Structure formats: C-alpha cells, structure tokens
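Here the structure is laid out as structure tokens; the discussion comes afterwards.
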There are 2 protein chains.
Amino acid sequence: MSPTPASSAAPSALTRKLAVFTTLTRAEEARLERLQAQRRRHPARTELLHEAQGDHAAFVLQDGWAMSYKLLADGGRQVVDFQVPGDFLGLRSLLLRTSDHNVAAVTDIVVAEVPPRELRELVETEPRLAMALLWAASRDEAMVVEHLVGIGRRSPMVRTAHQVLELHQRLRLVGLADDGSFACPLNQYVLADALGLTAIHLNRTLRQLRERGLMTFRKGRVEIHDAPAMMALAGFEDAYLDQRAPRPS
Amino acid sequence: MSPTPASSAAPSALTRKLAVFTTLTRAEEARLERLQAQRRRHPARTELLHEAQGDHAAFVLQDGWAMSYKLLADGGRQVVDFQVPGDFLGLRSLLLRTSDHNVAAVTDIVVAEVPPRELRELVETEPRLAMALLWAASRDEAMVVEHLVGIGRRSPMVRTAHQVLELHQRLRLVGLADDGSFACPLNQYVLADALGLTAIHLNRTLRQLRERGLMTFRKGRVEIHDAPAMMALAGFEDAYLDQRAPRPS
DNA sequence: CGCCGAAGCTGCCCGAGATCAGCCCCGCGC
DNA sequence: GCGCGGGGCTGATCTCGGGCAGCTTCGGCG
C-alpha cells in the first residue's frame, strides 16, 4: 500500500488507525510496533478464537479479513462484525476472561498476538495509548450499535448498502480501498449472516442495488457506482467511525 | 428507589460493579467516589445526551433507569440498551467526540458528571482503574452484541425472555433485584423498540410467556416464575455479563 | 475433456410479524 | 360523578422476507 515515512518500515495498520484519534509520538509508535512483534499466520476458514475457551489471547489483525460471530443452539449464526487490518481480535474476550464469541479467519490472515500482561503493562506505562485503545474499543462498539440499528430497523436494501459503505470507509482509513471500490473476500452466505438475512434474499437485494446502478459486488470486488445515491439510500452518517484528522489532544 | 448513599457510607453502584472485575483498594474506591462527586438530577422522559451535540460529557448513572437509542430518518427508534445504576452514559460519545446516539432518562434519575479531563487524569494516574473501565466498556459492548444476536437470529419469545433475564442479572449485581423479581419502569413501547418488535407483537409475546407460567410483567414489576425454564427457553448464557467473584488480579 | 463441488442466482409458496382498527382499564382532574 | 387520555390488550388483514427446490456458472482436477 502507500508507503509512509516511519522509523524503519511502514507503520502497522493499527498505528495508522490510532493516528486518527491522536497524534502519536515516535516513542509511542515504536511501542505499538513492539506490541505487535509476535506475528503469526492463520489459514482461511478456520477459527482463531473459540467461545468459552480457556486461554484469553488478543490479536491485532495485520493482513486479511476476519469475522466475529456467535453460534446459536438451533445452528444459526450471527456475524457480529468483520475485522480488517488494524482491528483487534478478541480484545473483549481478554478482558471478560471468557470469550463469548468466536473469531474466524475469512481469508488467510496474519495476526500479532498480544498477551494479556503486555496489554496491562502498556496501559500502565502509556496512558495516552491506553486512551487510544479505549477509543478503538469505543469505535468497535459504535459499529456494533450501527449494525444493531440496521438489523432492528432498516430494510434489507438500506442495511446492505449501509454495511458496504461502512466497510469502504474502514478500508480507506487503513489504505485498502480507493475512491470507488475495494476488494471484498466475503461470500454471500457470510455477508447474509452479518445482515440478518438469508443468502437468497441478500442475493435479490444485491441484484436490486445493481439494477439501480448503485453498486455491484462480483468476484471478490465491490464497486460503488453512485456513492451519493448510496449514502442517501442508506442514510449513512459516518460520524460513528470518527474518521477525522488527528488533533493535538 | 433507595435514596442515594452518602459518600462515606455505602459504595456507589459503579464501585460495586467494578469490584466484580477486580478487588479495589481503599484508595481506588475513594478515587472512584471522588469521580462521581458532581451529582445532578434529570427528569424522566427527557434527553440527557443528544446525537451530534457539541459538548461531550459522560455520566455515571446513580439512581433510576436510562436508555440509549438512535432515531432514524423514517421516524423509527431503535433502543440500543438500557442503563441501570452503576452504568456509564455517553462514555462512547466522550471518546468519539461526537455523540452518535441519544440517551434519555426513563425515570427521574440522578447522575454524576464525569468531565473528559477527569477521566483522562484517572486513566493516567490509576492504571488499574483504567483497566476496570476498559472492562466495563467491554461488558457494555458484549451486551450490545447479545442484543444484536437476539434481533438478528432469535425469535421474539426467546429474545424477550433473554432481555428480561439480562436485566435481572444486571440489577442483581448492583443490589436492585431479588431472586425472582425486580422493579421495571419500562413501558411496552420502549421495550418493543429495544427488541425490534412492535408494541403489539411484544404484548402478544408477553401474554404467551405469562400463559406458559414463565414470567409476568405488570405494573412496573417483572416476576420470574420459572427461572430454569426461562433460561432454557432463552438459551441464556450469562458469561458475557462476567458476574463472577472478584479475583486478586 | 468431462466430472464435481461450491457459489451464485431464480421462481414459487407460505408464515411470522407488521399494520390497521378499535376496545378496555384505570388514574386523574374538574 | 364524569370525562379524558395514556397504556395495555385484542382481532383481522396484509406483506415482506424465509423456506424450498432447482438451475447455472465457474474453477479445480483426474
């Protein structure tokens, strides 16, 4: 992606994201990179964190897509959110000490493991980074809230458009989308489970969006043809993503 | 409602709640109480925080019930969550610096205002409390996730039972419910907006729950007649509420 | 080249839950 | 005592989205 000046290499997606919240010092950036030193790969379509499992690790997603979801007794699945590079995986499980949801890799992914004690240490020694983490967690919650509103009150069309626009914005933030399109490795089943629809109905909905000339989603790529119309349809307000320029704090 | 405790006597609901996460020292307890010194009343049915408003205060609810919700263009309302004593109001707005949702008092309430700089100071000087706050925020998010799953995948009956059980557990934690019942100042319209149902359908659902001998909700009071059956019906797993005994950390 | 499985796509029917319309109950003010 | 209004409650219809069944497309592989 676009090269950015940093200590030695390009900053991680997490650093890039947190920089939106606050201007980071060199030392803080370095600390963040150190936190993400322990890299590890994980294959597509496999679970990274399992509900009710004992060890409570958290990860920072470096590359690829993941999703968090819950399984129900009746076999249903609700995808809570997708994660893209720079996002935390299982931060909540770490704090609640019993993972209440599953996280699976959508594509092959690269993650950085963050051991609990490292995180605690970071919070103790770097209050500004602690605030930034709190911000990231709040942003995640805001996204979940937005999904809740979508499933609770928005029509399938509106909901779908909203989800796509959100993903677009999030990916732009970490440099993984251009103005009108982005690579989207989700299949219709997964996306449907996120939107609280059946794959069948999602398919029909996507067709409608296509026929209206708003967007297409084919072969792993989303193309947004008429962004203003999409925004209007979805009633999209991106305030909850807080994609502003950093401020001195 | 029990009158608010004097600062020297009983601990605040927040203290009580955080004590579940970690054992608090005297000094930390005192610090928490100090954080909540600035008390203020707010009348029922009025907004405390408005979407997109400029000032970003956060509050700790001391007494009464509140709810956070979003309004949609079409006039619809989605209640995201209810807040009971010990819960934060608008913590997310403070961090994102633009409130993305509304918070209204359900009953007459007493809140403690937490100015942004106070919070930042707390995080900087009391890392253990910072972790506890992160825990509380994570718990809130876990509840929102649970609601998302409910609205997305659970039937109205199951969803309703689940919500009631959750409220019961939360209220027990802060000493506002006994084993089989609790005071619930919500009306059916508000509850329906939380569950993503119409008030009409919620009414029918409540009737069913009543006829099955599981629970009743009348005149501001919820009575749970058959807790095990309710739990079974709702598939209620309270892990996400993390109501465990404190551990030494 | 042809088989096979996964994902995408579509038509048809049906049921859960929304919508509409209206009644009852109870507390309150005059 | 009586009218009024808000919340609770109910029956009758409508409709959106789910369920089912099946077809197409495409890529991998023997």
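Being a predicted model, the structure only gives us computed values, none of them experimental. To find a chain, count down the sequence lines: A is the first, B the second, and so on, and within it residues start at 1.
Between the side chain of R139(B) and the backbone N or O of L241(B), at least one donor-acceptor pair lies under 3.5 Å.
Between V80(A) and H101(A), the closest side-chain pair of non-hydrogen atoms is not below 4.5 Å. Residues H225(A) and T216(A) meet the side-chain proximity criterion, which asks for heavy atoms closer than 4.5 Å. Inter-residue side-chain proximity for F88(B) and V103(B) is flagged as unmet; no heavy-atom pair is nearer than 4.5 Å.
dG17(D) atom P lies 11 Å from atom CE of M157(A), rounded to whole Å. One can place CG of L195(A) at 12 Å from P of dG17(D), the figure rounded to the nearest angstrom. L186(B) has its CG atom 15 Å from the C1' atom of dG8(D), to the nearest Å. In this structure, the NE2 atom of H201(A) is 17 Å from the P atom of dC20(D), given to the nearest Å. Rounded to an integer number of Å, the gap from CD1 of I200(B) to P of dC14(D) is 16 Å.
Sorted pairs that involve residues 217-230 of chain A and meet salt bridge (Lys or Arg N to Asp or Glu O under 4.0 Å), not counting sequence neighbours, are lacking altogether.
With distances taken from any side-chain atom of P156(A) to the nucleotides dG19(D), dG7(D), dG17(D), the minimum falls on dG17(D).
For the pair E146(A) and R154(A), the salt-bridge criterion is met [side-chain N within less than 4.0 Å of a carboxylate O]. Using a cutoff of 4.0 Å between basic side-chain nitrogens and carboxylate oxygens, R172(B) and D238(B) are not scored as salt-bridged. Using a 4.0 Å cut-off between charged nitrogen and carboxylate oxygen, D87(B) and R170(B) count as a salt-bridge pair.
Residue contacts shown for R159(B) are absent, as no nucleic acid heavy atom lies under 4.0 Å away.
Using a 4.0 Å cut-off on heavy atoms, the residues of residues 203-224 of chain A that approach DNA chain D are R204(A), K219(A), listed by number.
If you walk DNA chain C from 5' to 3' and mark each nucleotide with an atom closer than 4.0 Å to a heavy atom of chain A, the marks span dA7(C) to dC12(C).
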